[in-house]
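Residue numbers begin at 1 in each chain, while the letters A, B, ... track the order of the sequences.
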Number of protein chains: 2
Amino acid sequence: MTTRPRRADARRNVEAILDAATATLARDPDASINDIAKAAGVGRVTLYGHFENRAVLVAAVVERAMRESEASLRGIDLSGDPAAALVRLIDATWQVTLRYGALVVAAEKSMPVAEMAAAHSEPRERAQRLIDHGRDLGRFRTDLPVSWLVTTMHTVTHAAATSVYAGELPADEAAHAIAATMLGLLTPPGQTVPDVGVLRLVR
Amino acid sequence: MTTRPRRADARRNVEAILDAATATLARDPDASINDIAKAAGVGRVTLYGHFENRAVLVAAVVERAMRESEASLRGIDLSGDPAAALVRLIDATWQVTLRYGALVVAAEKSMPVAEMAAAHSEPRERAQRLIDHGRDLGRFRTDLPVSWLVTTMHTVTHAAATSVYAGELPADEAAHAIAATMLGLLTPPGQTVPDVGVLRLVR
DNA sequence: CATAAGTCGAACATGCGTGTACGACAAGAG
DNA sequence: CTCTTGTCGTACACGCATGTTCGACTTATG
């Protein structure tokens, strides 16, 4: 891993391992190295040839996942109508969450707390900026801490992923459900919840 | 465990183990038997003297937790004003969740799926009844599946517990936050979110 | 096609959590 | 006070996941 593999199949295997690890860990954060190697169609020894540790492997997976996530989330326009912006953010976030699922849980067990906090801060700040924006316009509620609202948004998204995995919620309805849910809860007391016109943006 | 302990200190130890296991597993579902025994101020061997297995121990803990939970949840009046009833239900549910936290996760790993589903069905049905009631009165939204709303309620409550454990949310504000959150997201689009008058019931 | 680079299975070492066995010792019930 | 019932420490057996080592075998690359 310190020096790149010279041969083509080696590089292909590294990719396969990364992919398999992502998929496997997203389903079961406690998956064994053996499971991952098997899922990658590769011997366990080969895996160790490319990644010294479980920790190193997880770190690599997380790093790649974060790069891709950031790439698709960074470009989102958070300005303009807060409700519409929220739908945009949720839509993109949902795709990422569905792909990487419970990978976060696996990461939490082998990554130092500091790094973990740093990894979380980016998306949290994004959501927080959006909510602040909506508050400034009087469109989002101010009677609850922003951090709590952000937490709720994260949690609800995660719950949707779990529900989809469990077959309780159709995957193509998930983003809509999350958006409708969040839009409802972000609307201030004494104010009318935005109607379906906005929600239709999702699908 | 099959036959009750005859001696007083034995019975006391069983209680201590049950208490320690509840507290320890609520924090870390993967806690070892050793940790639990230590937390109970008891030798590991003693623990095995009372509970054959980890599974048996977990089952006992869960069973006791469910008995207590059911006792405090069964009596709740779900009729009348849906918003007020929701606040009542959340208030009681919150106490239970705070005490038993992530114990569910520990249970999921050693209990058969069927039993687990059965254990979940009771509280889910309760919430579902309440939401249905609110829908009938046109006070709760009908544009999302009931099961999703119930899941969300469960998830949000759980997130609150995690936040409190992490010190991000004061314990005495949690129930209020959950109630405000759920009331907000349950209100139908095109309708005014109930104001603070109801929420004040919580605190 | 020759060789360096990579793969693979089997075997081994290690650490950890679980569960059991033993024997000395303490504590409660009658 | 005596004897049954528990407790506790130590030690052991076992299974399981993690890493490592070895040697034979395969594959890309120049």
Is B:Arg139 reaching over with its side chain to a backbone N or O of B:Thr187, donor-acceptor style, under 3.5 angstrom? no
Without decimals, in angstroms, what is the distance between B:Asp35 CG and C:dC16 P? 13 Å
Does any N or O in the side chain of A:Asp81 come within less than 3.5 Å of the main-chain N or O of A:Ala84, such that one atom is a donor and the other an acceptor? yes
Below the 4.0 Å mark, does D:dG6 have OP1 or OP2 next to a side-chain nitrogen or oxygen of B:Arg11? no
Looking only at side-chain N and O atoms, does A:His50 come under 4.0 Å of OP1 or OP2 in C:dG6? no
Distance below 4.0 Å between B:Ser32 side-chain N/O and C:dG17 OP1 or OP2: no
Expressed in angstrom and rounded to an integer, what is the separation of B:Lys38 atom NZ from C:dT18 atom C1'? 15 Å
For A:Ala31 and A:Ala8, take the nucleotide of DNA chain D holding the closest heavy atom to each; which residue's nucleotide lies nearer the 5' end? A:Ala31
From D:dC22, D:dC8, C:dT7, nucleotide with atom closest to A:Val45 side chain: D:dC22
Can you tell me whether the side chain of A:Arg44 and the base of D:dG19 have a donor-acceptor pair closer than 3.5 Å? yes
Rounding to an integer number of Å, can you tell me how far A:Phe51 CZ sits from C:dG6 P? 14 Å
When you compare the side chains of A:Ser79 and A:Asp77, does any donor N or O come within less than 3.5 Å of an acceptor on the partner? yes
For C:dT7 and A:Asn13 - does any side-chain N or O of the residue sit under 4.0 Å from the phosphate oxygens OP1/OP2? yes
Write down the distance between CG (A:Asn34) and P (D:dT18), rounded to a whole number of angstrom. 8 Å
Can you tell me how far P of D:dG6 sits from CD1 of B:Ile17, to the nearest Å? 13 Å
Assert: residue with more 5' nearest nucleotide on DNA chain C, out of B:Asp9 and B:Asp30, is B:Asp30
Spacing between A:Glu52 atom CD and D:dT21 atom P, to the nearest angstrom: 12 Å
Send over the distance from A:Tyr48 OH to C:dG9 C1', rounded to a whole Å. 15 Å
Under 4.5 Å between any side-chain heavy atoms of B:Val156 and B:Met153, yes or no? no
I'd like to know if A:Arg64 and A:Asp19 make a salt bridge, using a cut-off of under 4.0 Å between side-chain N and carboxylate O. yes
Touch check for A:Arg54, heavy atoms < 4.0 angstrom, all strands: base, sugar-phosphate only, or nothing? sugar-phosphate
Could you check whether the side chain of A:Arg7 and the base of D:dA28 have a donor-acceptor pair of N or O atoms closer than 3.5 Å, going by distance alone? no
Take the protein atom CD1 of B:Ile33 and the nucleotide atom C1' of C:dG19, then report the distance between them rounded to whole Å. 9 Å
